[in-house]
Structure formats: C-alpha cells, structure tokens
Asks: 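Pasting a structure here, questions to come.
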Amino acid sequence: MISKEEFLALYQKYLDGECSPAEKELLAAYRDDMQLPDDVWTEDDTDPLEVRTRIWQKLSESRQETTVLMPKRTSYRWLWAAAALVGIAVLAGLLFMQPAKTNNIADVVSSKNGTKILPGSNKAYLTLANGNKIVLDDAKNGQLAAGAGVKVSKAANGLVVYKFDRKPNEQGQAAIPQINTITTPRGGQYQVVLEDGTKVQLNAASSIKFPEYFTGANREIELNGEAYFEVAKDKAHPFIVKANGTQVQVFGTHFNINAYTDNPDITTTLLEGSVKMSKGSAAVMLLPGQEGTVSQNGSSIKVQKADVEANMAWINGFFIFHDQSIINIMKQVSRWYDVDIEYQDTQVQENEFGGTISKYKDIKELLDNIKLTGSIHYKIEGRRVIIMK
C-alpha cells in the first residue's frame with residue numbers, strides 16, 4: 001500500500017513522462033489500494049475547495065476503482081461494492097470536473113490488454129453561424145474564430161471560451177447575436193464557458209445551441225442530450241435551458257439535464273440553488289437533492305429525491321447503476337464507446353444490474369464484469385456488441 005504523498009509524487013512523475021515501466025505498473029495497480037487507512041487521509045481532505053484543486057490537478061482520471069456489476073436479485077453481494085464506493089467518495093465528490101485527458105492511466109492499462117474499442121475522450125464540433133465547422137479536439141490553443149466583436153478561443157486546459165468585446169450596436173455590430181452550436185459525437189464529451197461565464201459540460205452524443213452573447217431579459221440556450229451546468233449568477237437575467245419541449249429556468253445554480261431523445265423521460269437533477277422546471281402548463285420548483293422527471297410525450301412533472309450519485313457519475317468519471325435494466329446500461333455504453341448494441345433475444349433485456357465501474361476502462365472489462373453475474377453473455381463484431389443469454 002502506498003501513501004497519499006507517494007502516490008501524488010509518482011503521478012506527477014508520470015505526467016512529466018519520467019516513470020519507469022515498474023513505476024507505471026505500481027501506478028496502474030493503485031486502484032487496488034483506494035481504501036486507505038484513516039491516518040493517511042485527514043479531516044482536512046474533506047474541504048471542498050482543497051479536494052477540488054488537488055483532485056483535478058493531481059489525480060484526474062487515476063480513480064480507476066472497479067467493482068463487479070451485480071444483478072438485482074443478488075443484493076447481498078452489493079456489500080463490497082458499496083465499501084469500494086466509500087473509498088472513492090472523498091475523491092469523486094460532486095465537483096464540476098474538467099473533461100478527461102486522453103493520456104491517462106486507463107490508456108496505459110488498455111494498451112497492455114490489447115483492446116480495440118477504447119472509451120470516449122474530449123472531442124466536439126463547433127458550428128459557427130455562417131456554417132463553418134471547427135473540430136475542437138484537433139484545434140490548437142489560442143483564438144479559433146472572431147467576428148462582430150466576439151472572440152472564440154481555446155484555453156490551454158482545453159476549455160472553449162467565448163468573449164464579447166463590444167456592446168450591441170457599437171461599431172456596426174448586429175443587434176441580434178448569431179447562434180452557434182457545439183456538438184459532441186458518440187464517444188465524445190466537451191466543456192465550454194459561455195460569454196456570461198456559465199460553464200457547460202456536454203456528455204456524449206449531445207449538443208447545445210447558444211448565442212455569441214446574451215441580450216434581452218433572459219439568457220437562453222437549447223440542449224439536446226445531456227449536460228451539466230454551472231450557471232453564472234445574474235438575478236436580473238434568468239438562465240433558461242430548453243430541451244425537447246421542457247424548460248428549466250434558473251438565476252445561478254448547478255444542475256444536470258438528461259434529455260436524450262431515445263430515453264422515455266427528461267430528468268433535471270438539482271445540486272445547488274433552485275430551478276423552475278416546466279412543460280406546457282405544468283411547473284414545479286426543485287430544491288437541492290431533488291429531481292424533476294417528465295415523460296417525453298407527457299406534461300405531468302414528477303418531483304422526487306434524486307439518485308445524485310448515479311445521475312452525476314458521468315461527470316466524475318464513472319458508470320453507476322442502481323437496479324438498472326440492461327437496456328438503459330447499454331444505452332450509456334453505446335454513447336460513450338461509440339458502439340451499436342444488438343440483443344439476440346428479448347428475454348435478456350429483462351435483466352437488471354447494479355454496481356460501479358470507471359468509464360475510462362476498456363469496453364471488454366465493463367462487459368466482462370456484467371458477464372460475471374451469469375445473467376448474460378456477449379460478443380463483439382467490429383463496433384457492434386451482441387448481448388445474449
């Protein structure tokens with residue numbers, strides 16, 4: 001077992017490209033030592049700001065703890081999975097994390113195992129109002145585009161930032177801002193900082209449409225898919241997210257919206273502040289720790305205690321399933337690994353599972369963990385995963 005200080009020093013050495021093969025093995029094996037003794041992690045480690053800074057700067061995707069996914073009917077076997085989650089709780093938290101870097105420890109392990117289907121990474125497409133497209137994962141740091149006083153740039157840490165230089169109607173600038181779109185493909189994720197300072201992290205197969213700058217009484221954008229928001233506070237100008245007929249209005253808060261069109265429901269999970277969720281004539285207020293759910297084809301909004309751990313797992317680098325059907329699990333797998341899913345028979349689709357695994361593991365390791373339950377088998381043909389009994 002290595003100490004916290006030894007791990008941080010070794011991980012920094014890895015980032016600097018100075019690790020020996022033996023040290024890389026030790027670093028990759030660290031996932032087996034995540035449950036450190038109490039005298040190693042002090043109470044100071046639970047300070048949110050200190051944890052946020054250290055985790056992003058030092059640990060990033062090193063949180064590779066893996067547990068077997070358990071069928072719903074074998075709930076007692078969940079005990080050790082839950083214990084493993086306690087070991088990573090301090091590290092993961094519900095922090096707004098930067099998108100994962102591609103040169104992480106998961107890549108080292110994957111290359112050793114000879115995998116062919118790798119997890120997703122930071123990639124997206126910026127479509128400007130004039131139709132020009134910029135591939136963001138390939139774009140160099142520095143200024144990407146400029147026009148009408150608006151500069152679009154990519155910072156050293158990969159964030160795409162929009163800055164508005166002049167007020168509307170000055171120096172011939174159009175009064176109506178142009179609409180841009182950022183789209184993540186399957187196997188992609190990305191984070192952008194809007195002109196007002198609002199941070200948006202997009203999950204795979206998602207997109208947002210937003211103006212170069214906000215005008216009028218509201219700050220309004222459109223979402224398709226899933227995104228996590230940290231909205232800049234501005235009481236005079238509510239921030240509104242429209243997603244598949246549903247509207248979420250906030251002034252400054254942290255929340256997640258899952259609005260994939262292939263899901264039956266649209267779900268808003270609130271972490272901080274308060275939001276108003278509405279669809280048609282129905283409207284509800286959400287409090288921290290609550291989620292609002294509305295059917296894609298309905299208007300009644302159900303408010304209940306949120307499964308925050310599972311709903312926010314994608315932000316923290318994990319898949320977490322609590323009695324989820326194999327269909328819902330494979331939807332997430334399909335988006336993140338950019339694969340198609342095929343079921344050999346309908347009976348296998350009735351299975352439910354629970355557990356947690358790093359989303360930076362290779363797809364075979366994830367599928368093998370589900371296979372260990374004895375409920376399903378699988379085979380991979382190209383980029384198609386076939387699920388069978």
Side-chain angles (χ1 to χ4, degrees), residues 34 46 48-49 51-53 55-56 59-67 69 81-82 84-100 119-120 122 184 188-192 198-206 208 223 225-231 241 243 246 248 250 252-260 263 265-275 277 286-293 302-324 328-329 331-333 335-336 353-361 366:
M34 289 300 289
T46 61
L49 180 59
V51 171
R52 173 197 286 264
T53 302
I55 296 309
W56 170 238
L59 301 185
S60 191
E61 285 77 47
S62 62
R63 299 161 296 162
Q64 301 298 323
E65 183 69 31
T66 305
T67 61
L69 299 173
L85 282 176
V86 172
I88 63 173
V90 174
L91 298 181
L94 292 175
L95 307 178
F96 186 86
M97 303 301 293
Q98 298 278 7
N122 302 326
T184 55
Q189 63 179 9
Y190 220 80
Q191 181 176 319
V192 60
T198 293
K199 297 178 182 178
V200 184
Q201 183 162 339
L202 284 170
N203 203 349
S206 303
I208 54 169
L223 167 68
E226 184 171 22
Y228 172 67
F229 297 84
E230 284 192 348
V231 177
V241 181
T246 301
V248 176
V250 303
T253 187
H254 301 177
F255 61 99
N256 189 84
I257 298 179
N258 186 320
Y260 285 110
N263 285 344
D265 301 321
I266 299 170
T267 301
T268 299
T269 304
L270 182 63
L271 276 71
E272 178 182 308
S274 62
V275 304
M277 184 179 180
L286 299 181
L287 300 176
Q290 291 183 333
E291 67 180 25
T293 303
K302 179 181 179 181
V303 178
Q304 60 186 359
K305 182 179 179 180
D307 188 346
V308 175
E309 180 185 52
N311 293 354
M312 300 306 300
W314 73 274
I315 289 290
N316 296 314
F318 293 92
F319 291 113
I320 295 180
F321 308 116
H322 293 157
D323 298 337
Q324 286 288 307
N328 289 336
I329 291 174
K331 281 182 181 179
Q332 297 182 50
V333 170
R335 297 185 194 115
W336 182 239
F353 302 87
T356 182
I357 188 170
S358 167
K359 73 175 188 177
Y360 296 106
K361 292 292 184 181
L366 184 150

Asks: Test Arg335 against Asn203 for side chain to side chain contact (heavy atoms under 4.5 Å, CB included), laying out the working first.
Replies: CA-CA 9 Å; Arg335 297 185 194 115; Asn203 203 349; over 6 Å; no
Asks: Less than 4.5 Å apart, side chain to side chain, heavy atoms only: is that true for Val200 and Ile208?
Replies: yes
Asks: If you define the side chain from C-beta out and look only at heavy atoms, does anything of Gln290 sit under 4.5 Å from Val303?
Replies: yes
Asks: Give, for atom OH of Tyr228 and atom CG of Asn311, the distance between the pair rounded to the nearest 0.5 Å.
Replies: 12.5 Å
Asks: Which residue in the set Val250, Val241, Val231 passes side chain to side chain contact (heavy atoms under 4.5 Å, CB included) when paired with Val275?
Replies: Val250
Asks: Working note: Tyr260 + Lys331, criterion side chain to side chain contact (heavy atoms under 4.5 Å, CB included); need CA distance, chi angles, decisive distance, verdict.
Replies: CA-CA 10 Å; Tyr260 285 110; Lys331 281 182 181 179; over 6 Å; no
Asks: Just do the side chain to side chain donor-acceptor pair (under 3.5 Å) check on Asn258 and Asn263 with the steps written out, would you?
Replies: CA-CA 9 Å; Asn258 186 320; Asn263 285 344; 3.2 Å; yes
Asks: Going from CG on Leu287 to OG on Ser274, what distance comes out if it is rounded to the nearest 0.5 angstrom?
Replies: 7.5 Å
Asks: So, taking the atom named CG in Leu271 and the one named CG in Leu286, what distance separates them when rounded to the nearest 0.5 Å?
Replies: 11.5 Å
Asks: Please report the C-alpha distance between His322 and Ile320 in whole Å, then the side-chain angles of each, then the deciding distance to 0.1 Å, and finally whether the side chain to side chain contact (heavy atoms under 4.5 Å, CB included) criterion is met.
Replies: CA-CA 7 Å; His322 293 157; Ile320 295 180; 3.5 Å; yes
Asks: Determine the minimum heavy-atom distance between Gly225 and Ser206, stating which atoms define it.
Replies: CA-OG, 3.5 Å
Asks: Please check this pair: side chain of Thr356 against backbone of Phe319, looking for a donor-acceptor N/O pair closer than 3.5 Å.
Replies: yes
Asks: Please assess Val248 against Met277 for the test side chain to side chain contact (heavy atoms under 4.5 Å, CB included), listing each intermediate value before the final yes or no.
Replies: CA-CA 5 Å; Val248 176; Met277 184 179 180; 4.3 Å; yes
Asks: Are the side chain of Thr268 and the backbone of Gly292 linked by a donor-acceptor contact shorter than 3.5 Å?
Replies: no
Asks: Return yes if a side-chain donor-acceptor contact under 3.5 Å exists between Gln304 and Glu291, otherwise no.
Replies: yes
Asks: Mind running ring pair (Phe, Tyr, Trp, His ring centres under 6.0 Å) on Phe321 and Phe353 for me, showing each step along the way?
Replies: CA-CA 7 Å; Phe321 308 116; Phe353 302 87; 8.9 Å; no
Asks: Taking side chain as C-beta onward, heavy atoms only, is Thr293 less than 4.5 Å from Ile266?
Replies: no
Asks: So, does Thr184 use its side chain to make a donor-acceptor pair with the main chain of Tyr190 at under 3.5 Å?
Replies: no
Asks: What's the shortest heavy-atom distance between Pro119 and Trp336, and which atoms?
Replies: CB-NE1, 3.5 Å
Asks: Treating Lys359 as the side-chain partner and Trp314 as the backbone partner, does any N or O pair qualify as donor plus acceptor under 3.5 Å?
Replies: yes
Asks: For the pair Phe229 and Phe255, name the ring-plane relationship: parallel under 30°, tilted 30 to 60°, perpendicular over 60°.
Replies: parallel
Asks: Side-chain contact test, heavy atoms from C-beta onward, threshold under 4.5 Å: evaluate it for Gln189 versus Asn122 and give yes or no.
Replies: yes
Asks: Find the distance between CG (Leu223) and CD1 (Ile257) and round it off to the nearest 0.5 Å.
Replies: 6.0 Å
Asks: Could you pull out the closest heavy-atom pair between Ala259 and Ala243, with the gap in Å?
Replies: CB-CB, 3.8 Å
Asks: Would Asn256 and Thr269 count as having a side-chain donor-acceptor pair, cut-off 3.5 Å?
Replies: no
